[in-house]
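Here's the structure we're looking at; comments come further down.
Quantities reported herein were computed from a predicted structural model and do not represent experimental measurements.
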Amino acid sequence: MSAFSKDTWINGLWKQNPGLVQLLGLCPILAVSTTMVNAVSLGVATIVVMALANLSVATLRNFIPYEIRIPVFILIIASLVTVVDLLFNAYLHELYLVLGIFIPLIVTNCIVLARIEAFAAKNDPLVSTFDGIAQGVGLLLVLAVLGTMRELIGAGTLFGGIDLIIEGASAIKVLGEGYPGFLIAILPPGAFFALGCLIAAFNWINSRAAARKHAAPATPQAPADAVPEH
């Protein structure tokens with residue numbers, strides 16, 4: 001399989017999307033997606049961890065005894081998450097305080113561990129690295145859309161908290177100063193409603209595509225022994 005295979009990206013972004021299909025890591029998906037900035041920040045951290053964890057495990061897979069593979073995988077993930085956690089604390093301290101425990105919890109995020117076990121432990125390093133990136137980007141897209149929906153409906157803004165990353169920047173008031181906000185959108189029940197809507201839309205798109213494919217007339221093929229006319 002090529003590292004740049006189209007199937008790798010289609011699986012990560014759509015067919016095997018961690019947030020919409022596999023439904024893995026729902027705790028951080030639902031808890032951190034109160035704003036787009038928070039959601040995207042955690043998504044980027046997860047991409048880095050997934051790519052490096054897949055690379056590390058794929059490189060060392062032939063040296064890891066099968067019986068202790070899970071503890072070794074978790075140790076590798078924990079080491080990488082510690083590095084990411086310290087970098088956030090050092091360079092994005094205010095954002096680090098907002099994200100709180102959810103950066104260290106990437107260690108136990110079943111998205112990372114499941115992909116290592118299912119893919120990186122069985123494939124070469126380059127392919128595994130790009131698979132980790134593709135899966136991470138798929139999760140990032142779900143987080144971004146979910147965070148955008150909840151922030152827009154709940155507060156009427158976009159890029160809330162961007163000043164934690166870019167000094168002097170401020171949120172965009174999309175729905176105006178007078179928008180009263182819809183509190184439930186940024187509360188835990190709103191996260192479930194928003195994710196349910198995303199999954200419903202995802203399934204509707206897939207069912208429509210399957211129906212169109214089923215309804216499309218088959219292309220007639222000439223018999224193998226047919227003699228072309230001159």
Side-chain angles (χ1 to χ4, degrees), residues 17-20 22-54 56 71 73-116 132-133 135-172 181-196 198:
N17 187 284
L20 299 178
Q22 302 182 64
L23 298 180
L24 298 173
L26 292 184
C27 179
I29 288 175
L30 298 174
V32 179
S33 60
T34 50
T35 68
M36 187 177 71
V37 169
N38 291 353
V40 170
S41 299
L42 185 67
V44 171
T46 306
I47 290 173
V48 173
V49 172
M50 288 192 72
L52 295 178
N54 274 19
S56 302
F73 293 167
I74 293 176
L75 181 62
I76 292 172
I77 297 170
S79 302
L80 295 170
V81 170
T82 300
V83 173
V84 172
D85 187 62
L86 292 174
L87 288 174
F88 265 79
N89 194 8
Y91 297 103
L92 297 169
H93 183 67
E94 298 299 326
L95 180 62
Y96 170 81
L97 295 177
V98 172
L99 294 178
I101 192 64
F102 291 102
I103 296 179
L105 278 179
I106 295 175
V107 175
T108 57
N109 194 323
C110 45
I111 296 173
V112 184
L113 184 58
R115 205 60 196 169
I116 285 176
I133 294 173
Q135 294 287 328
V137 171
L139 176 67
L140 173 64
L141 292 178
V142 173
L143 282 167
V145 173
L146 201 58
T148 300
M149 289 172 57
R150 294 181 65 193
E151 181 181 358
L152 190 60
I153 297 171
T157 64
L158 284 179
F159 301 105
I162 191 65
D163 55 302
L164 302 177
I165 300 175
I166 304 174
E167 187 175 354
S170 58
I172 301 173
F182 193 58
L183 183 59
I184 195 172
I186 55 178
L187 292 177
F192 282 99
F193 293 145
L195 182 61
L198 279 184

Quick one, Leu143 with Val40, criterion side-chain contact (heavy atoms from CB on, under 4.5 Å). Give me CA distance, side-chain angles, the key distance, then yes/no. CA-CA 6 Å; Leu143 282 167; Val40 170; over 6 Å; no
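- Nearest heavy-atom pair across Ala39 and Ser33 is CB-CA, 4.0 Å.
- With hydrogens and angles disregarded, no donor-acceptor distance shorter than 3.5 Å links the side chain of Glu94 to the backbone of Leu164.
- Looking only at side-chain heavy atoms (C-beta outward), Thr148 and Val145 stay at 4.5 Å or farther from each other.
- Checking side-chain atoms of Glu151 against main-chain N and O of Gly160 turns up a donor-acceptor pair under 3.5 Å.
- Under a 3.5 Å cut-off, the side chain of Arg150 and the backbone N or O of Leu187 do form a donor-acceptor pair.
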Ile133/Met50 under side-chain contact (heavy atoms from CB on, under 4.5 Å): CA gap, chis, key distance, verdict: CA-CA 7 Å; Ile133 294 173; Met50 288 192 72; over 6 Å; no
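- Side-chain contact between Asn54 and Val112 is absent, with no heavy-atom pair separated by less than 4.5 Å.
- By the neighbour-count criterion of 12 heavy atoms within 6.0 Å, atom CZ of Phe88 is densely surrounded, having more than that number from other residues, nucleotides or ligands.
- When side chains are defined from C-beta on, Leu105 does not count as touching Asn109, because their heavy atoms never get closer than 4.5 Å.
- By the neighbour-count criterion of 12 heavy atoms within 6.0 Å, atom CZ of Phe159 is sparsely surrounded, having that number or fewer from other residues, nucleotides or ligands.
- The side-chain heavy atoms of Leu195 and Leu26, taken from C-beta on, include a pair separated by under 4.5 Å.
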As a quick check of understanding, evaluate side-chain contact (heavy atoms from CB on, under 4.5 Å) for Leu139 and Ile29, giving each step before the final call. CA-CA 9 Å; Leu139 176 67; Ile29 288 175; 3.5 Å; yes
